[in-house]
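Indexing begins at 1, ligand by ligand and atom by atom, following the structure's order. This is a predicted model, so every value here is computed, not measured.
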Amino acid sequence: MNKLPNESAIGVLDSGVGGLSTLAVLKKVLPHENFIFYADHKNAPYGDKTKEQVEKFVYDIVKFFISKNVKAIIIACNTAVSATIKKLRKEFNIPILGLEPAIKVAYDNCKERDIVIMATKLTIDGDKLKNLLKKLNIENRVKKLSASGLVELIEAENYSEVKIIEYLKELFRKVEIKKYSYLVLGCTHYIFIKNELKKVLGTKIKLIDGNLGIANHLKRTLTKLNILNLSKEVGKVELISSGTAKDMKKLNIFYEKACSLV
Ligand code: DGL
């Protein structure tokens, strides 16, 4: 692995605004680092695309980050990780960390009760999740909900809490929620709808995501490789969208929201 300057930025990517929730936590844990955030609005949402399509989108963004000399890459998108991470790590000689549904943490914290996970179709149907459940031997303990169409509601120009609540009521209609200890948020976009989830599901079920886990993992990785940014200044954040000017505006709004949540 070629060592890049400690001041080099860290690339963070998602299909859209969801990964900003990850970025806000990364920034909190590593305030002196510089970040470039890339939202692939042009190709979003990823969750209903094929594995091959998502592989190609993410490959192009990773190439872009490498052209910017980033020292590490965070895939702040469970869907992209499920579809691509193995291949990317084989191909690129740079630390690539990816978000994964926090199933293990949820299970370790409460072994006697079952878990629900909600995620995009590609994540729910993917081998990565299946293999994880198999490895932990909890295939029958995890209720999987594929939430197609929810990312579009979160990204909608006129964000509507009412529509999101309606959607969630339908998604959880047949789920007996009191049977479960944890709801794993298996898509970074869902962090922005925690209030709506609490309104629909009540406050007993605990919501869990992988953002803090990946931020701590990144800190350990940079420390181990001796590439932490040692500057005393607060790092810079550059936001990029492959979409329209409206998407760019949305990124700024959601980034502020994400920072206010951590
Ligand atoms: N935010 C992404 C995730 O964590 C995916 C959203 C999408 O594009 O479907 O899975």
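- The T120 neighbourhood of ligand 1 comprises atoms 9 (O), with distances under 4.0 Å to a heavy atom of that residue.
- For ligand 1 and D14, the ligand atoms under 4.0 Å from any heavy atom of the residue are 1 (N), 2 (C).
- Side-chain contact of T22 with T188: a donor-acceptor pair under 3.5 Å is absent, judged by distance alone.
- A cation-pi arrangement is absent between K56 and Y59 under the rule of less than 6.0 angstrom and at most 45 degrees off the ring axis.
- Both the backbone and the side chain of C77 come within contact range of ligand 1, each with a heavy atom under 4.0 Å.
- Heavy-atom proximity to G47, at under 4.0 Å, picks out these atoms of ligand 1: 7 (C), 8 (O), 9 (O).
- If you look at N78 next to ligand 1, the close heavy atoms, those under 4.0 Å, come from the backbone and the side chain alike.
- Salt-bridge annotation for R173 and E170: present, with a side-chain N of the basic residue lying under 4.0 Å from a carboxylate O of the acidic one.
- Listed by number with element, the atoms of ligand 1 under 4.0 Å from a non-hydrogen atom of C187 are 1 (N), 2 (C), 3 (C), 4 (O), 5 (C), 6 (C), 10 (O).
- Contact annotation for T79 and ligand 1: heavy atoms of both the backbone and the side chain come within less than 4.0 Å of the ligand.
- Taking only nitrogen or oxygen atoms, main chain and side chain alike, T123 does not reach within less than 3.5 Å of ligand 1.
- Taking a cutoff of 4.0 Å between a charged side-chain nitrogen and a carboxylate oxygen, E55 and K51 qualify as a salt bridge.
- Y46 and F57 have parallel rings, their planes meeting at less than 30° on a 0 to 90° scale where 60° marks the start of perpendicular.
- Because its NZ or CZ atom is both nearer than 6.0 Å to the ring centre of Y159 and within 45° of the ring axis, K257 counts as a cation-pi partner of that residue.
- Protein heavy atom at the shortest distance from atom 7 (C) of ligand 1 is Y46 N, 3.3 Å.
- Under the 6.0 Å distance and 45° angle rule, K111 counts as a cation-pi partner of Y107.
- Across H189, E155, K49, K121, heavy-atom proximity to atom 1 (N) of ligand 1 is greatest for H189.
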